Number of protein chains: 2
Amino acid sequence: MRDTAMGKGLRARGLRLTSQRLAIIKVLLEADEHLTPAEVLERGAGDCPGLGLTTVYRTLELLRKSGHVQRVHLEEGCHAYARLQEKEGHHLVCQGCHRVVGFPCTGLADLVDETAQRTGFSVESHLLELVGLCPACQESDSIECNAAGGTGDLPSV
Amino acid sequence: MRDTAMGKGLRARGLRLTSQRLAIIKVLLEADEHLTPAEVLERGAGDCPGLGLTTVYRTLELLRKSGHVQRVHLEEGCHAYARLQEKEGHHLVCQGCHRVVGFPCTGLADLVDETAQRTGFSVESHLLELVGLCPACQESDSIECNAAGGTGDLPSV
DNA sequence: GTACTTGCAAATAATTTGCAAATAT
DNA sequence: ATATTTGCAAATTATTTGCAAGTAC
């Protein structure tokens, strides 16, 4: 863990690599899904007994600030975390198993430019999140392995 | 208010148009920014004294389910609400004054299709939010009319 | 008249902070 | 050796729920 991008990222900022932080990084690297702080705690406690929720919150925030982890925004229950998996990470989230796959945001530039021109806004960043079903969850008859449920009960986007 | 899309939307669902709901709808229609439930309460209380926060939460949720209002996701302090302003609403949010402008998501289809093919996911919906500065806030020297502050202190997307 | 709504108060859940003890470097 | 980090407990903040009273239709 010490030599991962996350580990190096922390050191580069003059931060210390404690056993707690290493355990949290390990959890994030091994997870395919987005995780809440409580879930990170649960998994991390395996490697690091006595790990505290406060530390998890603080470490996730450090990793977010150094750009290694990103918040995943969900209609219900916001603020889960997932690591960035490819350059320029945006997230593709599975409704069934919560797996998160990153993808680059190429192809968005035109839309952003056009919108910026039309509105006069200067666009500094963007958040793009696709929601759907991963191959495995499509097969296993939709949402049966599900946890977070649907998005609502009427039309939306 | 009774004849607005929001008002009709509620009636269409067999819901009643109470003074509280009308006041909340008015607040949303008159706001250019995204608002937290507490802010909606504060403004709505002008028209409807005694309006309760519980009612605001419940009404925003009803409007969200009927597709007239959407949650705006922010890195810090998620879960503000803004009305949908154009078809297929996505949001362009001003960091300075929190104004929210909607825009249609045309141009995203290719990216979505390509990503779906590459990953095998079936994509059911997406969340796109652009963040930047509106024309007014660009002039008045960036973030001076600001409230929510920056996004962090290191690189990100 | 009746079913839907409201607002209060209380319950829950999520997140942050103060601080003394522990620890990485 | 020392500044950073931890974890507890407590404080905050956000959101939800039960329920009797009120109200739109």
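Everything numeric here is computed off the predicted structure, so don't read it as measured data. Letters A, B, ... mirror the listed sequences (proteins, then strands); counts begin at 1.
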Checklist outcome for this item: Separation of dT6(D) atom P from Leu17(A) atom CG, nearest Å, is 10 Å
Item to check | Among dT25(C), dT6(C), dC4(C), the one nearest Thr55(B) by side-chain distance | outcome: dT6(C)
Between protein and nucleic acid, restricted to nucleotides 14-16 of chain D and to nitrogen or oxygen atoms under 3.5 Å apart, what atom pairs and distances do you find?
{"residue": "dT15(D)", "atom": "OP2", "partner": "Tyr57(B)", "partner atom": "OH", "Å": "2.6"}
{"residue": "dT15(D)", "atom": "O5'", "partner": "Tyr57(B)", "partner atom": "OH", "Å": "3.3"}

Checklist entry - Starting at CG of Leu62(B) and ending at C1' of dC4(C), how long is that distance when rounded to a whole Å? => result 11 Å
Item to check | Thr115(B) side chain near Val101(A) side chain, heavy-atom distance below 4.5 Å | outcome: no
Item to check | Sugar-phosphate, base or nothing in reach of Gly50(B), heavy atoms under 4.0 Å | outcome: sugar-phosphate
Checklist entry - Can you tell me how far P of dA14(C) sits from CD of Glu39(A), to the nearest Å? => result 10 Å
Checklist outcome for this item: Leu41(A) atom CG is separated from dA13(C) atom C1', nearest whole Å, by 15 Å
Checklist entry - Which is true for Arg21(B) with a 4.0 Å heavy-atom rule: it touches a base, it touches only sugar-phosphate, or it touches nothing? => result sugar-phosphate
Next on the checklist: As a test of reading the structure: which of dG7(C), dT5(C), dT23(C) is closest to the side chain of Arg58(B), going by heavy atoms?
Outcome noted: dG7(C)
Next on the checklist: Heavy-atom nearest nucleotide on DNA chain C for Ser19(A) versus Leu51(B): which residue maps closer to 5'?
Outcome noted: Leu51(B)
Item to check | Atom-pair distance (CG on Leu22(B); P on dT6(C)), nearest Å | outcome: 10 Å
Next on the checklist: When you measure from the side-chain N and O atoms of Gln20(A) to the phosphate of dT23(C), is any distance below 4.0 Å, counting only OP1 and OP2?
Outcome noted: no
Checklist entry - Does Val56(A) share a hydrophobic cluster with Val69(A), counting links as ILVMFWY side-chain heavy atoms below 4.5 Å and allowing steps through other members? => result yes
Item to check | Side-chain heavy atoms of Val131(B) within contact of Glu124(A), under 4.5 Å | outcome: no
Next on the checklist: Nearest to the side chain of Arg11(A), heavy atoms from C-beta on, is which of dT25(C), dC25(D), dT6(D)?
Outcome noted: dT25(C)
Checklist entry - Going by atom types alone, do Arg71(B) and Tyr81(B) pair a side-chain donor with an acceptor below 3.5 Å? => result yes
Next on the checklist: Does any part of the side chain of Phe103(A), heavy atoms only, come nearer than 4.5 Å to the side chain of Thr119(B), both counted from C-beta?
Outcome noted: no
Checklist entry - CG of Leu15(B) versus P of dC25(D): gap in Å, rounded? => result 11 Å
Checklist entry - Is any side-chain N of the basic residue among Arg58(B) and Glu61(B) closer than 4.0 Å to the acidic one's carboxylate O? => result no
Item to check | Pair His34(A) and His91(A), ring centroids less than 6.0 Å apart | outcome: no
Checklist outcome for this item: In whole angstroms, the gap separating P of dT5(C) from CD of Glu61(B) amounts to 14 Å
Item to check | Length of the line joining Arg16(B):CZ and dG1(C):C1', which is rounded to integer Å | outcome: 11 Å
Item to check | Side chain of Thr18(B) - closest among dC25(D), dT5(C), dA3(D) | outcome: dT5(C)
